[in-house]
There are 2 protein chains.
Amino acid sequence: MAKTKKKKESEWATATNERLSEAGFRRGGARAAVVSLLDEQSCALSAYEIEDLLAQRERAVGRASIYRILEELDELGVVAKVELGQGQARYEPVRPDHHHHHLVCDKCGAVIAFDDAPLERAVHSISKRVDFAVEGHEIVLHGLCADCR
Amino acid sequence: MAKTKKKKESEWATATNERLSEAGFRRGGARAAVVSLLDEQSCALSAYEIEDLLAQRERAVGRASIYRILEELDELGVVAKVELGQGQARYEPVRPDHHHHHLVCDKCGAVIAFDDAPLERAVHSISKRVDFAVEGHEIVLHGLCADCR
DNA sequence: CTAGCGATGAGACTGATTCTCAGGCTAGTT
DNA sequence: AACTAGCCTGAGAATCAGTCTCATCGCTAG
């Protein structure tokens with residue numbers, strides 16, 4: 001329906017493309033389409049949602065490519081893979097200024113983002129105290145959303 | 001090899017069996033074996049680990065039954081299903097006095113439990129502030145364990 | 001313009017989890 | 001104790017997310 005084309009790419013897409021070429025990747029249509037789609041997202045999408053959304057646009061991308069690209073982006077640290085207990089992984093762009101976590105509704109599956117500074121501080125505090133090189137964390141709250149309650 | 005039989009069941013197994021009968025479940029050998037095995041665990045096991053451990057004992061339980069039983073126990077709130085980003089779910093008994101979270105080594109897959117009071121306080125504080133009926137939470141720290149570093 | 005090599009995607013494959021359904025067993029009833 | 005309704009089980013099929021293979025495509029350096 002609506003054509004979301006040419007929406008100026010944000011800092012994230014720019015930084016991501018830079019990272020990609022630094023890492024020695026060539027350009028390619030499939031990867032560009034995935035990066036562009038993720039760039040518009042504020043929260044996490046599953047691989048299948050990404051496949052569907054891209055198919056609805058003018059650029060369908062093979063499943064193998066989607067997974068390969070998401071893994072590369074995850075490895076570069078520009079995308080976060082999050083598991084919300086729904087039997088499938090979700091992926092979201094990592095924006096330095098927008099770190100957040102998720103509330104998941106156990107009934108309807110809705111995913112809601114939230115952030116909290118004290119929580120982050122508590123996590124970082126732990127990271128320093130354990131005999132473990134912490135590289136990332138994931139916090140998921142389960143329950144019922146306002147609609148399902 | 002060693003027969004770990006007749007080890008007195010803990011409060012968890014007792015409470016779990018009570019919950020089950022309250023909820024209208026009949027007794028059954030498969031469920032009893034799963035509850036008994038979980039009762040001995042302090043940390044999370046995957047469904048396959050449970051299947052193997054039960055098979056090594058005198059009581060093998062069908063895979064379908066294991067998943068069905070774990071889901072029932074999860075629903076009753078006596079077992080927690082945790083997803084540690086390893087492509088499979090893990091299950092652990094919920095003990096009121098032993099709430100904990102997990103460190104996962106991205107290289108070797110080791111799972112280490114930890115607990116932290118300030119972190120719990122931060123989570124509970126959030127639970128009260130959001131328009132969402134929070135029923136549980138899961139916190140996973142990723143990184144490299146002492147051995148893999 | 002062209003060769004070399006990375007990028008892509010159709011489809012087979014894997015592994016975890018769920019579904020189906022026939023037969024077994026529990027728990028009331030007599 | 002015997003009987004029976006209906007929950008409990010488990011073997012195997014089905015499903016589903018995710019991975020792998022490999023032939024082909026299309027950047028890009030030269």
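Chain letters run A, B, ... following the sequence lines, proteins first, then strands; residues in each count from 1.
Ring centroid separation for the pair B:His98 and B:His100 does not come in under the 6.0 Å cut-off.
For A:Leu45 and D:dG18, the CG to P distance is 13 Å, given to the nearest whole Å. Note: CD (B:Gln86) to P (D:dG18) measures 15 Å, nearest angstrom. Nucleotide C:dG9 holds its P atom 13 Å from the CG atom of A:Leu70, rounded to whole Å. Atoms CD (A:Glu51) and P (C:dT8) sit 15 Å apart, rounded to a whole Å. In this structure, the CG atom of A:Leu54 is 14 Å from the C1' atom of C:dT8, given to the nearest Å. A:Ile66 has its CD1 atom 16 Å from the C1' atom of D:dC16, to the nearest Å. Between A:Tyr48 atom OH and D:dC16 atom P there is a gap of 9 Å when expressed in whole angstrom units. Following rounding to the nearest Å, B:Glu72 (CD) and C:dT18 (P) show an atom-to-atom distance of 12 Å.
Among the atoms of the strands shown, only primed sugar atoms or phosphate atoms (P, OP1, OP2) are found under 4.0 Å from some heavy atom of A:Arg59.
DNA chain D is contacted by both A:Gln88 and B:Ile69; B:Ile69 maps to the nucleotide lying nearer its 5′ end (nearest heavy atom per residue).
Checked against ring-ring contact (aromatic ring centres under 6.0 Å, His included), B:His99 has the following partners two or more places apart in sequence or in another chain: B:His101, B:His137. When the side chain to side chain contact (heavy atoms under 4.5 Å, CB included) test is applied to B:Val94, the partners found at least two apart in sequence or on another chain are B:Ala80. Qualifying salt bridge (charged side-chain N to carboxylate O under 4.0 Å, His left out) partners for B:Arg19, counting only residues two or more places apart in sequence or in other chains: none. Every residue was checked against the side chain to side chain donor-acceptor pair (under 3.5 Å) condition with B:Asn17, not counting sequence neighbours, and none meets it. Applying the side chain to side chain contact (heavy atoms under 4.5 Å, CB included) rule to B:Ala89 yields the partners B:Lys81, B:Glu83, B:Tyr91; only residues at least two apart in sequence or on another chain are considered. Residues passing the side chain to side chain contact (heavy atoms under 4.5 Å, CB included) test with A:Asp131 are B:Ala146, B:Arg149, sequence neighbours excluded.
Looking at residues 16-25 of chain A, you'll see that no heavy atom sits under 4.0 Å from any atom of DNA chain D.
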Indicate every side-chain donor-acceptor pair of residues 46-53 of chain B with a distance under 3.5 Å to a residue at least two apart or in another chain.
residue, atom, partner, partner atom, Å
B:Ser46, OG, B:Glu49, N, 3.2
B:Tyr48, OH, B:Arg63, NH1, 3.4
B:Glu49, OE1, B:Ser46, N, 2.9
B:Glu49, OE1, B:Arg90, NH1, 3.3
B:Glu49, OE2, B:Arg90, NH2, 3.4
B:Glu51, OE1, B:Arg63, NE, 3.0
B:Glu51, OE1, B:Arg63, NH2, 3.2
B:Glu51, OE2, B:Arg63, NH2, 3.3

With a 3.5 Å cut-off and sequence neighbours excluded, list the donor-acceptor pairs that the side chains of residues 25-35 of chain B form with protein atoms.
residue, atom, partner, partner atom, Å
B:Arg31, NE, B:Glu72, OE1, 3.2
B:Arg31, NH1, B:Arg26, O, 2.7
B:Arg31, NH2, B:Glu72, OE1, 3.1

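Considering every non-hydrogen atom in both B:Asp39 and B:Trp12, the closest pair reads OD1-CE3, 3.4 Å.
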For nucleotides 19-29 of chain D, list the nitrogen or oxygen atoms of the protein found under 3.5 Å from its nitrogen or oxygen atoms, one pair per line.
residue, atom, partner, partner atom, Å
D:dG26, N2, A:Arg26, NH1, 3.0
D:dC27, O2, A:Arg26, NH1, 3.0

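The terminal axes of the helix from C:dC1-D:dG30 to C:dT30-D:dA1, fitted over 5 pairs per end, subtend an angle of 30° to the nearest 10°.
Note on residues 99-115 of chain B: no pairs pass salt bridge (Lys or Arg N to Asp or Glu O under 4.0 Å), not counting sequence neighbours.
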